[in-house]
Amino acid sequence: MPLYGVRDWFLCYNLDMDLMASVEELKGIGPKTAEILKKFGIKTVRDFFYNLPRDYENFSKPSAIRDIVPGKVVIKGQISDLSSRRARKRNLSITEGVVSDKTGAIRVVWFNQSYRLRQFAPDKEYYFTGVYELKNGRFQLTSPSAALASEVELTNGPSPIYVAHGGLKSGDFRRLMDASRNKFAEIPDLLPTASEGKRRESLFKVHFPDSPEDVQTGREYLAYEEIFELLFAARLNRRENEKLKAVSVPFELERIRKFVDSLPFKLTNAQRRAAWEIFQDMEKDLPMNRLLQGDVGSGKTMVAALSAYEVVGDAGKKRGSECRQVAILAPTAILASQHYESIGPMLGKFGVRTALLTAATKKKAELKKQIAQGEVDIIIGTHAILTDDTEFANLALVIIDEQHRFGVEQRQKLMLKSPSGLSPHLLAMTATPIPRSLQLTVFGDLAVSVLDELPAGRQPVTTQILSEIEMREKLYPLMREIIRRKPDSKRHGEHAHGQQIYWICKAIEDGVSEVTSVKKRARQLSEMFQDLKVEFLHGKMKPAEKDAVMERFADGEIDILVSTTVVEVGVDVPNATLMIIENAETYGLAQLHQLRGRVGRGASAAYCILLTTGDLTPSRRLREVEKSNDGFHLAEVDLKLRGPGEIYGALQHGALDLRIATLSDTRLIARAQKDVEQFLTNPENMVKYKELMANIKKYQQITTLN
Ligand code: ADP
Ligand code: MG
């Protein structure tokens, strides 16, 4: 293969190309193709080379059709009897054919790929790879990919499969890549390495492998570079954060003790520990950068209240820059007002002035003036806090609830609102645990407190997967039973019939997809349970309407609340003890766990029903949620099932998109960590490796909470 043949040539012709040049600079890519590529994020020459194959096909050893067994198979044969039809289900076309070789014939089926009808010449041989399986009582090869045998046999290694983009199929990418084959020689190294040219060699191996080993070693090196960048960014952030200053908040034991004694319950040990860690951080004149992780219902709000109380100090008496202020940012208006209603009175007893600032707040200008003059100590709100005209007299602590709901820019905006030269302390709270490996790498300088204990008296939520067809027999009786139960003693409002029910649907309106909508389900349940109050809630309602419904639900006036996932975050209605999630198979693991966390907040036994449609066997994801109530365990499972890129993506709105590396590879992380330190010992490196410095800018923004 050319790679090894031209290796020496690579080295002597090291004319570093401009990786940041437009893709159009590459051979075979004209303005039209470039336009398509750009739409999918492939803008530069670098993007093009780093558009790595999604997978590989290995056509080298096709099986005889007579010998194949269910599972992934490669066969080689001619195709005949192609036909296409519409399925009864909307929007689905089915294309079928028969592939035969000397030993036998099998049926192949594609969905929504009617171009297959025109793809094949009847007298030519093709390779097909796909899954051979039993479907509706017949064996078939499902959605195989296909390649002309005469073309495949020209290359002898694994054949890369690229993700198709806007009319550019995998094969088109292969052709384009091939046209740029010679350009690989000009790709400069990103990092200092033991052997020069490691990067271009690895990229080449991944795009033009001779063997599966090529793919593996190539990818491994590219993953290493990616991790290096990430760790390097985190390391530089740490350097920069060490330069920041914050207001030091002296710990006042007596005041805190009095406050804790005033609470209607005892703090859990985990809450005490977390608060203690926070107090210690805030005594320093360096900004705290702490994440409070706690499973749903673990009482994070209480820790937030304690921290806020500690910061405002002897509040109520001070004005202007004399005071110390706290901003508490929540992702939804419902949640912000709930925090306001619980924290406001709790701290009000001690003279702390708390205000709510959301889009619906009346007399905003007046409130903002009070905030600017230091007449309010704690400001609880939504995005409304972030507007430019909200100024603080002396913002000393920022608390962000459900931090993953906010983008980096939003968090940064808030951090900039502190007095000049100082940075506020930051406490970010989340119920979505960040796996340890991610903590260490991505958030190198992040301190973490964990609430690993639920308040006493909580009962675990019993979770069960039910199929739609079992609704009448099992679900409706359970709903009846919940409504007949005495209201939960903790908090129920005067109006509750009995205990209450959440029913989660995927869609708001009918029609877009096959799933039952909030509105339709609410109608159906109203008819079914005529003596009960059924209402619905969804994100398209006006904020005031949403709040009103939520309030009535919290007061017990509504028995069954049919809702989209807007209730997912943080809402606290202890009298609700049954959560039904329809189309459960369409949700992610973390989201299911979050939703389930809306129940089991009181003293009564609570249930979560994962309702699935169709007769599919429940996925591993659903079974894990059914088995375990432990958010940390589920996060680890999620990491395994999905990979950290996606989990991190969910945490950070997709800001970090690792293409190759998996953060669970601790060996690779350790190696990169060592090399980063080594790299930093030579200041010249920062000048020499310009591309690296440019690349990590993006990581640098997201590897810190502030
Ligand atoms: P989350 O961690 O999910 O944000 P919350 O802060 O909403 O949890 O707390 C859940 C419920 O537990 C609230 O009703 C809160 O008042 C209650 N709670 C918090 N701490 C304790 C405690 N130490 N003992 C008993 N109940 C508590
Ligand atoms: Mg919460």
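Remember, it's 1-based here, ligands and their atoms both numbered in the order they're listed. FYI, side chains are in, hydrogens and waters are out, and symmetry mates aren't considered; it's all heavy atoms of this structure. Since we're looking at a predicted model, the values are computed, not measured.
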Does a salt bridge link Glu481 with Arg484, judged by any charged N lying under 4.0 Å from a carboxylate O? no
Which ligand 1 atoms are under 4.0 Å away from a heavy-atom of Thr301? 4 (O), 5 (P), 6 (O), 7 (O)
Interfacing atoms of ligand 1 (cut-off 4.0 Å, heavy-atom, Arg601): 3 (O), 7 (O), 8 (O), 10 (C)
Phe392 ring centre to Lys368 NZ or CZ under 6.0 Å, with the angle to the axis within 45°? no
Taking a cutoff of less than 4.0 Å between a non-hydrogen atom of the residue and any ligand atom, is Gly297 in contact with ligand 1? yes
What class does the angle between the rings of Phe529 and Tyr476 fall in, given that below 30° is parallel, 30 to 60° is tilted and above 60° is perpendicular? perpendicular
Can you list the ligand 1 atoms lying under 4.0 Å from a non-hydrogen atom of Val296? 3 (O)
Out of Pro574, Ala456, Gly602, Pro455, who is nearest to atom 25 (C) of ligand 1 when you count heavy atoms only? Pro455
Does any N or O of ligand 1 fall below 3.5 Å from an N or O anywhere on Gly294, backbone included? no
Calculate, to the nearest 0.5 Å, the distance between atoms CG and OG1 belonging to Asp377 and Thr354 respectively. 7.0 Å
Work out whether the distance between some heavy atom of Ser298 and some atom of ligand 1 is less than 4.0 Å. yes
Would you mind running through ligand 1 and noting each atom that sits below 4.0 Å from a heavy atom of Lys266? 22 (C), 23 (N), 24 (N)
Ligand 1 atoms nearer than 4.0 angstrom to some heavy atom of Thr268 are 23 (N)
Ligand 1 atoms nearer than 4.0 angstrom to some heavy atom of Leu267 are 23 (N)
Salt bridge check: are Glu252 and Arg255 linked by an N-O gap of less than 4.0 Å? yes
If we count only N and O atoms by modelled type, under 3.5 Å, do the side chains of Ser628 and Asp630 hold a donor and an acceptor together? no
Parallel under 30°, tilted from 30 to 60°, perpendicular over 60°: which one fits the rings of Tyr309 and Phe350? tilted
